[in-house]
Q: 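Attaching a single structure in structure tokens format; questions to follow.
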Amino acid sequence: MRNSTRSEVDPFIVMDVMEAARKAEEAGRRIIHMEVGQPSTGAPEEAQQALVRALENDALGYTVALGLPALRERIARMYGEWYNVDLDPGRVVVTSGSSGAFLLAFTALFDSGDRVGIGAPGYPSYRQILHALGLTPVDIETAAENRLQPVPSDLSGLDLAGLMVASPANPTGTMLNRDAMAALIGATQEAGAAFISDEIYHGIEYEAKAVTALELTNDAYVINSFSKYFSMTGWRVGWMVVPEDHVRVVERLAQNMFICAPHASQVAALAAMDCEEELQANLAVYARNRQLMLEGLPKAGFSKIAPPDGAFYVYADVSELTQDSRAFAAEILEKAGVAVTPGLDFDPVRGATTLRFSYARSTADIEEGLSRLRSFMENR
Ligand SMILES: Cc1ncc(COP(=O)(O)O)c(C=O)c1O
């Protein structure tokens, strides 16, 4: 049968690494996972208990498309607690993870063929989802001196209908500070384009607090998720904040595309928002791991790295070691038993000379992984 051309999206290369790692584990090897972008912890205990209680007396049918009112209110309250932003709960849309929010945002904002700017390196699915929706992803090659984030001058002449940013970003962990975010919002709005801010790694930040676009403007789409800080990847629940006059547009799309985000996950997510102690304990593990990575990677020979402001990744320039990050990642897996992600997933052009190391797992795993990387590099 025929296929559409817009369905021809690239696979995640990291999935190939994960499959190779799985095969090695099946053959009895112990693999250290520095490729995965998810916490090894589960949903907070109280979130799980809240769902157990709900299962006893609730059929957990559809919710309204915009999400459980109590969850929308709690998310709005969080903006007051975290950023001192007074947010109307009516602007919060609960989604099936941030991935569901991308579909809603791109569909609500753009027409077929519209050009949408994304930073390279960046999260690969932005490009693939835009392509699948018949939109045109425009890679913005970011500069090391801008900490691999886009800056206003990068936008000139691109004729964009929208700009997508992430802070903290995947794969670099770098953040846009208040001035940098304000400058990008200004330049985007001046160009008549829509500003979309992926804030999925908020809460996982180390030196300074991440800035939400909502501190600077109401005229933006802000996307977030329960997957990372709240440690609920598989529950498929996230949210989006949209301008007041976009709520009805997004609601109609959500009704038709998803009906609602999973009800059970919304119940658990609501409870997760009051589990600060447990979530802060997870954060302390990432902070310790980050320190170990910043000390251990250079000792192993991966010295071209920048300290990440947030998230749980280190993006390394390995151009002095290889011109083929895919083959290098395969060699590291084979000889060191450490799974890492080739940069090609994040930057189709320059990613042949970069690797992403994730430190989302346990500290014991990070220590073991670093020690293996060191002996691998010594014997290379
Ligand atoms: C920057 C970024 N945005 C979005 C996502 C997708 O997350 P979700 O589980 O909320 O769909 C990821 C997942 O790794 C990510 O790194």
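As the structure lists them, so they are numbered: ligands from 1, and atoms in each ligand from 1.
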Q: Please confirm whether Phe226 approaches ligand 1 to less than 4.0 Å, judged on its heavy atoms.
A: no

Q: Less than 3.5 Å apart, any donor N or O on the side chain of Thr363 or Asn289 sitting next to an acceptor on the other?
A: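 Yes.
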
Q: Nearest protein heavy atom to atom 14 (O) of ligand 1, by residue and atom, and its distance?
A: Lys228 NZ, 2.8 Å

Q: Test your reading of the structure: does Asn170 have an N or O sitting under 3.5 Å from an N or O of ligand 1?
A: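 Checking ligand 1 against Asn170, an N or O pair does fall under 3.5 Å apart.
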
Q: Look up atom CE in Met240 and atom OG in Ser98, then write down how far apart they are to the nearest 0.5 Å.
A: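 With rounding to 0.5 Å, CE (Met240) is 11.0 Å from OG (Ser98).
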
Q: Take Val138 and Asp159 through the side-chain contact (heavy atoms from CB on, under 4.5 Å) test and state the conclusion after the steps.
A: CA-CA 10 Å; Val138 179; Asp159 187 24; over 6 Å; no

Q: Identify the closest protein heavy atom to atom 11 (O) of ligand 1: which residue and atom is it, and at what distance?
A: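 Protein heavy atom at minimum distance: Ser99 OG, 2.5 Å.
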
Q: Would you say Asp198 contacts ligand 1, with heavy atoms under 4.0 Å as the rule?
A: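 True for this residue.
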
Q: Where does Ser227 meet ligand 1, judged by heavy-atom distances below 4.0 Å: at the side chain, the backbone, both, or neither?
A: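 Just the side chain.
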
Q: Say whether Val94 and Phe258 are linked into one hydrophobic cluster, either directly or through other cluster members, by side-chain heavy-atom distances under 4.5 angstrom.
A: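 No, Val94 and Phe258 fall in different hydrophobic clusters.
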
Q: Please determine whether side-chain contact (heavy atoms from CB on, under 4.5 Å) holds for the pair Asp139 and Ile118, giving the CA-CA distance in whole Å, both sets of side-chain angles, and the decisive distance to 0.1 Å.
A: CA-CA 5 Å; Asp139 277 339; Ile118 51 177; 3.6 Å; yes

Q: Parallel under 30°, tilted from 30 to 60°, perpendicular over 60°: which one fits the rings of Phe328 and Phe302?
A: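 Ring orientation of Phe328 relative to Phe302: tilted.
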
Q: Which part of Tyr126 is near ligand 1, with near meaning a heavy atom under 4.0 Å away: side chain, backbone, both or neither?
A: side chain

Q: May I ask whether Gln38 has any heavy atom positioned less than 4.0 angstrom from an atom of ligand 1?
A: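 It does not, in that no heavy atom of Gln38 comes within the 4.0 Å cut-off of ligand 1.
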
Q: Which atoms of ligand 1 have any heavy atom of Arg236 under 4.0 Å away?
A: 8 (P), 9 (O), 11 (O)

Q: In terms of the angle between their ring planes, are Phe230 and Trp82 parallel, tilted or perpendicular, with boundaries placed at 30° and 60°?
A: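 The arrangement is parallel - the two ring planes meet at less than 30°.
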
Q: Does ligand 1 come near enough to Ser225 that some N or O of the ligand is less than 3.5 Å from an N or O of the residue?
A: yes

Q: Test your reading of the structure: does Thr233 have an N or O sitting under 3.5 Å from an N or O of ligand 1?
A: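 In this structure, Thr233 places no N or O atom under 3.5 Å from an N or O of ligand 1.
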
Q: Crowded around Glu81 CD? As in, over 12 foreign heavy atoms under 6.0 Å?
A: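 Check passes, neighbour count above 12.
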
Q: Taking only heavy atoms of Phe102 into account, list the atoms of ligand 1 that are under 4.0 Å away from them.
A: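 Near Phe102, meaning under 4.0 Å from one of its heavy atoms, ligand 1 has 3 (N), 4 (C).
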
Q: Heavy atoms, side chains only, cut-off 4.5 Å: are Arg74 and Asp274 in contact?
A: yes

Q: Of the protein's non-hydrogen atoms, which lies at the shortest distance from atom 4 (C) of ligand 1, and what is that distance?
A: Ser98 OG, 3.1 Å

